[in-house]
Amino acid sequence: MSNFGFAEGSGYNEQGEYAGYLVTDGVDDMITSSAFQMGKDFTIVGDWKFIDNKKSGTGLVKGSSFYIYNTMIGLDLYINSGSVKNSLGGIKSINAACSDGRVYDPNWDEILANTGNVVGSGGMLEVSSNGRFDRIAFKNLAIYPRILSKDDCIKAYNYLQTLKAK
């Protein structure tokens, strides 16, 4: 994490709509992981939301495995590709995405997304980074090295909600 002011709009929120979330300010806050390998099969599960309606060209990125970008009316999602775009209107978050194209919205409704043929990636996971910034309320994220069923995605999501900082 870098550039967090840990004041209203930048840092951990204890009150309001995003209580319990780490909120990026859209100016210079970013989160980057260390580099790690990721195979073709994976599932992302988490609790995060784009706050603003804007086309930002940033969001949650694990280059070439997945890109989740904010847009004016929803989000753009790329799975195992940097060029096969899925535009998801009316939602600013997803609860889970599987590398086989199954995506679950905040109501756990299934959306079938197009995927590419990338077979893995290295590099970092970036949240609101790489010179382009966005306001994101970020609570948790887990990446599983296999494709989970919908029931397992729901179990993983519910488990993540029980975790507290130590």
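Side-chain atoms are counted along with the backbone in the values below, which use heavy atoms only and exclude waters and symmetry mates. Note that the coordinates shown come from a computational prediction; the quantities given were computed from them, not determined experimentally.
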Are the side chains of Asp134 and Phe50 in touch, meaning some heavy atoms are under 4.5 Å apart? yes
Can you list the residues that meet the side-chain hydrogen bond (donor to acceptor under 3.5 Å, both in side chains) rule with Ser33, with sequence neighbours excluded? none
So for atom CG, which belongs to Asn117, do other residues, nucleotides or ligands contribute more than 12 heavy atoms lying within a distance under 6.0 Å? no
Neighbour count >12 (heavy atoms, 6.0 Å) for atom CZ, Phe36: yes
The single option from Leu112, Ile79, Ile68 that satisfies side chain to side chain contact (heavy atoms under 4.5 Å, CB included) with Val103 is Ile79
Which other residues end up in the same hydrophobic cluster as Tyr69, if Ile, Leu, Val, Met, Phe, Trp and Tyr are linked when side-chain heavy atoms come under 4.5 Å apart? Val61, Tyr67, Tyr78
Is it true that Thr115 and Asn80 share a donor-acceptor pair across their side chains at a distance under 3.5 Å? no
Would you check if there is a donor-acceptor pair between the side chains of Ser64 and Ser121 at a distance under 3.5 Å? no
Kindly confirm or rule out a cation-pi arrangement of Lys139 over Tyr18, judged by NZ or CZ under 6.0 Å from the six-membered ring centre and within 45° of its axis? no
Main-chain N/O of Gly122 paired to Lys62 side chain as donor or acceptor, under 3.5 Å: yes
Any donor-acceptor pair under 3.5 Å linking the side chain of Thr43 with the backbone of Leu148? yes
I want to know whether Trp108 and Tyr157 have ring centres closer than 6.0 Å. yes
Which atoms form the tightest heavy-atom contact between Glu126 and Thr32, and what is the distance? CG-CG2, 3.9 Å
Distance (rounded to the nearest 0.5 Å) between Leu88 CG and Asp105 CG: 9.0 Å
